[in-house]
Amino acid sequence: MARGRVRGRPHHLEVPAVTDHPVDPADDASAEAPASGSATDASAAAPAGESKLDEIVATRRAKVAALRDAGIEPYPVRFRPTATLAEVRDAYPDLEPDAETGDVVTVAGRLVAKREMGKLRFLVLREDGIDLQLFCPVKALDDASRDLLGHLDVGDWVGATGEVMASKKGELSVKPATLTLLGKGLRPLPDKWHGLTDTEARFRQREVDLVVNPEARRVFEVRSAVLRALRAEMDERGFVEVETPMLHPIPGGAMAKPFVTHHNALDTDLFLRIAPELYLKRLIAGGMRRVYEINRNFRNEGMSTRHNPEFTMLESYAAYDDYHDVMDLTEALLQRAATEAIGTLELSYQGRPVSLAGPFRRASLLELTREASGHAELDYDLPIEDLRAICDEHEVASDDAFGPGKLVLELFEKLVEPNLWDPTFVIDYPIEVSPLARRHRSEPHVTERFELIATGREYANAFSELIDPADQRERFEAQARAKAAGDEEAMVLDEPYLRAMELGLPPTGGLGVGVDRVVMLLADVANIRDVILFPTLRPERT
RNA sequence: GCGCCGCUAGCUCAAUUGGCAGAGCAUCCGGCUCUUAACCGGCAGGUUCGGGGUUCGAGUCCCUGGCGGCGCACCA
């Protein structure tokens, strides 16, 4: 049994053999309670039914107990590093091999690699994605640290105080005089070379993904920079950031299926918001000149590489602006985000170049659809049978309930949108499919609405807002008829919103930007789940 | 929701036509004072996602369920 590396010291640490302390995963306390049975060596077979993982966890729990017995707290209350690993790296960019600085620092991080060379140990700490080596001759440590060293595992949180130096090979290192355990890890880290590749495990255990996969960390750093840039741009333009309800009595502001929930005290159903639009416009009615909100929307619809049930939208409303102003704003937002998150407007997305240099092309939905369909005569007042014929020709499903606007939109979405790679403002959407947008100032059949399309998908949706309450009421009524005809996503008439409109709205430019998709574009990732820390998954079965 | 593909040790992956489930890393034991995917030697580790079936014999074939990925549909 006496096989610990450290012997003959007052507090020498013996790790009890695993089989002396079978651990019931459901009962932490059992780790302390010796079970009956012979004292077998830790290398002996684990008890029946115990997996390798159980064995590793049990061994580490035993180390926790042994450390406590030796007076070392495995989960201490506080630690004060004098420098981050990044600061140490920045302060000593090019030490000569074998250099000694005489500078003593205290650093901390997760132990991610342990290389043993006789009485010399190389420990690699990682903090915020930055690695730093501890050059660690056992002799240089005080007694307590030496005891601890023998019971450190990859995955533990470790603090170290010592001199900054460089190894013979020139690797910047800290040579610790003391080591401090900051938090014992019980579970093993994935393969140090391959990392964690199983996508399901990466999403379900994002914390592990973040420890071992630098790419995961990089994506979320881009995401953070994008959010910062968007807020900075909005703030500088005089927009006030607000927070409107997530719990809506009436789902509105978009055509989408909501999640339903129930409030017990009120005994009423509420809907998770599908869009903040109506509340934000009520703020404009209330005299807030420029507002924006960055927050989650929830839509109870299909999931895909581009759709998560909860997703982040930037929505903004600006009094006096029209959709041309909003296009300028949208372009500036994307450019600011790209510049600050990745430092360039010339991107590569999934192997193809994309330029955000601008100005982005502006083209009408009808024109683009005419070109793509090969029907120059395509128009909203064509006989419905002719429109259906064109849809059939291009294998676009045309429901009997669809009017001309919806049919043209279907054609656009099939023929044009997937093929628009460079950023394009597609303008002037049909009235029929735009119940909250203002009628075009000169064109019949369409609204002053645009979507920003790039890389074959939508990034933003915006319009000169509808501010005429009588027109709005008619549009809601048209939606109600569509709903009655079976359109599940048609909007519900929102009387409190109409009342707000009747208070009076100034001309208003409104915008919605899919933030997750912007992050996908800038971070060059194909799956929306890679830009959401904890994407929606089916619950794990236990 | 539909279609296709995947699921083997803690991690990354093998396993011939249906014929004894293996390797590397990690763990555990021993050795080593300049490593950095350390190395050398040794021990151990499996409900091959669950259930059922075919077969002398199933990781492999069939049915069924679970979870995931991709595509379609829907949306942003």
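Sequence lines set the chain letters: A, B, ... in the order given, protein chains first and strands last, and positions in each chain run from 1.
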Atom pairs under 3.5 Å, N or O on each side, protein against nucleotides 23-27 of chain B: can you list them with distances?
from	atom 1	to	atom 2	distance (Å)
B/G24	N2	A/Asp191	OD2	2.8
B/A26	OP1	A/Lys192	NZ	2.9
B/U27	O2	A/Lys52	NZ	2.5

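- Comparing B/C34, B/U36, B/C13 against the side chain of A/Thr197 picks out B/C13 as the nearest.
- In this structure, A/Asp198 reaches the sugar-phosphate backbone alone: every heavy-atom distance under 4.0 Å involves primed, P, OP1 or OP2 atoms, never a base.
- Listed nucleotides: B/U36, B/G69, B/C32. Nearest to the side chain of A/Arg529: B/G69.
- Contact annotation for A/Ser304: base contact, defined as any heavy-atom pair under 4.0 Å involving a base atom.
- Counting any heavy atom pair closer than 4.0 Å across all strands shown, A/Lys257 reaches no nucleic acid atom.
- Among the heavy atoms of the strands, none lies under 4.0 Å from A/Gly514.
- Among the atoms of the strands shown, none is found under 4.0 Å from any heavy atom of A/Asn300.
- Every residue meeting the side chain to side chain contact (heavy atoms under 4.5 Å, CB included) condition with A/Glu127, not counting sequence neighbours, appears here in chain and number order: A/Thr84, A/Leu85.
- Using bins of under 30°, 30° to 60° and over 60° for the plane-to-plane angle, the ring pair A/Trp421/A/Tyr349 lands in the tilted bin.
- Applying the side chain to side chain contact (heavy atoms under 4.5 Å, CB included) criterion to A/Lys414, with sequence neighbours excluded, gives A/Glu395, A/Val396.
- At the heavy-atom level, A/Arg299 lies under 4.0 Å from base atoms of the strands shown.
- The side chain of A/Ile528 lies closest to B/A76 when the candidates are B/G68, B/A76, B/C32.
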**5'-to-3' dot-bracket of RNA chain B (Watson-Crick, G-U; under 3.5 angstrom; crossing pairs as [ ]; | other strand)** = (((((((..((((.....[..))))..((((.......))))......(((((..]....))))))))))))....
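- Nearest-nucleotide positions on RNA chain B place A/Pro190 closer to the 5' end than the other of A/Ser173 and A/Pro190.
- Each of B/U12, B/C34, B/G10 was ranked by its minimum atom distance to the side chain of A/Ser51; first place goes to B/G10.
- Between A/Asn527 and B/C70 there is a side-chain N or O to OP1 or OP2 distance below 4.0 Å.
- Ring-plane geometry between A/Phe425 and A/Phe360 is classed as tilted, the angle between the planes lying from 30 to 60 degrees on a 0 to 90 degree scale.
- OP1 or OP2 of B/C67 sits under 4.0 Å from a side-chain N or O of A/Arg538.
- Only A/Thr199, A/Glu200, A/Phe203, A/Arg204, listed by number, bring a heavy atom of residues 199-210 of chain A to less than 4.0 angstrom from any atom of RNA chain B.
- Ionic pairing of A/Arg449 and A/Glu432 is not present here: no N-O contact between side-chain nitrogen and carboxylate oxygen is shorter than 4.0 angstrom.
- Counting any heavy atom pair closer than 4.0 Å across all strands shown, A/Leu53 reaches sugar-phosphate atoms only and no base atom.
- Looking at residues 129-137 of chain A, you'll see A/Gln133, A/Phe135 sit with a heavy atom under 4.0 Å from some atom of RNA chain B.
- Using a 4.0 Å heavy-atom distance criterion, A/Gly512 is classed as making no nucleic acid contact.
- Within 6.0 Å of CD in A/Glu207 there are more than 12 heavy atoms belonging to other residues, nucleotides or ligands.
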